[in-house]
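Chain letters run A, B, ... following the sequence lines, proteins first, then strands; residues in each count from 1.
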Amino acid sequence: MERQLIKYLLASAQPADKVLLKGWIRTKRDSKEFSFLEINDGSCMSNIQVLAERSLSNYEEIEKLKTGSSISVKGRLVESPAQGQRFEIKAEEVEIYGPAPEDYPLQKKRHSMEFLREIAHLRPRTNTFGAVFRVRNKLSFAVHEFFQKNDFLHVHSPIITASDCEGAGEMFQVTTLDLKNIRVSEGRPDFTDDFFGRQANLTVSGQLEAELFATAFDRVYTFGPTFRAENSNTSRHLAEFWMIEPEIAFAGLQENMRLAEDFLKYIFRYCLENCSEDMKFFNDRIQPGIIDNLEAIISSEFEALSYTEAVSILMQSGEKFEYPVKWGADLQSEHERYLTEKKFGKPVIVTDYPKEIKAFYMRLNEDNKTVRAMDVLVPGVGEIIGGSEREYRYEVLVSRMKESGLNPEDYWWYLDTRKYGTVPHAGFGLGFERAVQFITGMQNIRDVIPFPRTPKNAAF
RNA sequence: UCCCCUGUAGCUCAGUCGGUAGAGCAGUAGACUGUUAAUCUAUUGGUCGCAAGUUCGAGUCUUGCCGGGGGAGCCA
């Protein structure tokens, strides 16, 4: 007899005589002559109800089973005589794989997210995290599907990088040197002894590599782990996270904005259509209204405005901000919140920021003051995408590097793309976990990644 | 890294003015012929985060340390 997943059993068109299912007991209700076992196998949010009667040969053991135990059930799929479910299983044989003693931490009650974070090895067995990781899975698939349908090439950008300074944040060092017994010359470790013969780090961005490939394949994307050693303690930062970075050649800021908007709408719609049961759970229990919200976003146009326009809107808003709004200063979280949550109530794309507050590789505008940057802000999460049209003019890029205190020689390979057949191009970075957060309504980014890495925390 | 809040039973939490520890769930024992977070009866369970201080007396007040959360910065 072939085992069937619970999601298919529950979706059956009619009863069936012989079925086999396996899973974990979520809860059990006993009566004198029988027990109801609610079984979940992770294939869907719903449990299937199993009726186990005293006539079963091992009923005495079944009766003692507790929440968390793993079992296999052979029996009949029958229409349920009671309210609450269409089908249930009338057990004919119950095999016990592993009972769960009474100290199983996930009892049938509400647990706090903080407590569940401390038992990250068990939390996938809860309703909330089951839904989160099913949605995360589908979302990941949707990312690939969108790009593949649109002729993008997936690039596996390196995780270890030896480029001296990428400038996107503090880096984790990668070394095989014996740190307890390190050879120092002139006050510094001698990296010529190290594995790569030079200092190496975990990547903080695949963008530079994506740019290289875009000059060959036109449209590319990376989707991989990214590492930032910042001492960030917030609900939207991780030390290890997954980033999606498309890069398109023969394109500028307009095409980039269009891509970002189409992409977000596509993956949102994909989740609504393919995770409806889980999305209903988020809508009912985690963030009321999230489904309507996403649907409204899919059918509306993102608001696009320049940094200069954003500053003037903020100054005329009459809002009392903790940090004053001033042209030239970066937008604070409260300013971004006002724009996306209060003023427009939908995603907002802010473009053309002052060059002083953005990275060296962004295309300088004619005014010599601003660069073709874009940030996509969404309600609740804030910045979900950061990107730009890239500076493709060799001389301008070199002088921007020098202004930023970088040594152009360290980037000779990057500069080569501007030297040989340079082309206008653009791209952006999307924080995958922030997208999962936005879609599910989960408040803390640590609860949308299987095993979160944050300062002072790398358990599991 | 900075600011604020918080730490009491396995979990979620209450604990008044400083007077010696409490509920629900889970567990345990039993009842119940269809339950849906099943219900009903009884019941076990505590280094009140750690350390020091004030006091006749500290879960409660003070200080330090540690853990957790929220906000800010860095960004995705």
Could you tell me how far B:U43 sits from B:G24 if I compare only their C1' atoms? Round to whole Å.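 Roughly 15 Å separates the two C1' atoms.
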
Q) Nearest-Å distance, CD1 (A:Ile25) to P (B:A26)? A)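 Going from CD1 in A:Ile25 over to P in B:A26 covers 15 Å.
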
- Task: Write down the distance between CG (A:Asn231) and P (B:A72), rounded to a whole number of angstrom.
- Result: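 Rounding to the nearest Å, CG of A:Asn231 and P of B:A72 are 16 Å apart.
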
Given the structure, check if the side chain of A:Gln85 and the base of B:U36 hold any donor-acceptor pair shorter than 3.5 Å.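 When only heavy-atom distances are counted, A:Gln85 does reach the base of B:U36 through a donor-acceptor pair under 3.5 Å.
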
Under the criterion of centre distance below 5.5 Å and interplanar angle below 30°, is A:Phe241 classified as stacked on the base of B:A76? yes

Considering every strand and a 4.0 Å limit on heavy-atom distances, what is the contact class for A:Ile384: base, sugar-phosphate, or nothing? sugar-phosphate

Open item on the list: At 4.0 Å (heavy atoms only), tell me whether A:Ser80 reaches a base, stays on the sugar-phosphate, or touches nothing.
Closed with: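 Answer is base: heavy atoms of A:Ser80 come under 4.0 Å of a base.
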
Across every strand shown, the nucleotide meeting Watson-Crick or G-U wobble geometry with B:A38 (both distances under 3.5 Å) is none

Whichever of A:Gln443 and A:Lys64 has the more 5' nearest nucleotide on RNA chain B, that residue is A:Lys64

Notebook entry, point to check: Within less than 4.0 Å of OP1 or OP2 of B:G73, is there a side-chain N or O belonging to A:Gln332?
Noted result: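 Result: yes.
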
I need the minimum non-hydrogen distance between A:Leu122 and A:Leu106, along with the two atoms involved.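 Closest heavy-atom pair between A:Leu122 and A:Leu106: O-CD1, 3.3 Å.
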
_By nearest atom, which of the nucleotides B:G34, B:A72, B:U33 is closest to the A:Arg337 side chain?_
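Of B:G34, B:A72, B:U33, B:A72 is nearest to the side chain of A:Arg337.
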
